[in-house]
Amino acid sequence: MIDGVCCFCGEPVAEVGLDPCTLAIFTKGEGNQSWPCHAACYRERLGVHLPYGQELFESGDH
């Protein structure tokens, strides 16, 4: 099943492995928005030097 389009690469996100992931943004006010994405696309953009989030993807995303 396809669960939307990845907000990073624009390709469809299927329910496979860790996908779909959801990127959620919450503003200081009451605004919020969320988008589907591939785990691999998110991990690629997260950065290897950040101390958080990487352990979520250690089991693989395929």
**Report entry** Residue pair Val13 / Val5: nearest heavy atoms and the distance that separates them
**Finding:** CG2-C, 4.0 Å

Requested in this report: Report the distance from atom SG of Cys9 to atom OH of Tyr42, rounding to the nearest 0.5 Å.
Outcome: 15.5 Å

Under 3.5 Å, sequence neighbours excluded: what are the donor-acceptor pairs made by side chains of residues 34-41?
from, atom 1, to, atom 2, distance (Å)
His38, NE2, Pro12, O, 3.0

Report task. First locate atom CD1 of Ile25, then atom CG of Asn32, and finally report the distance between them rounded to the nearest 0.5 Å. Result -> 10.0 Å

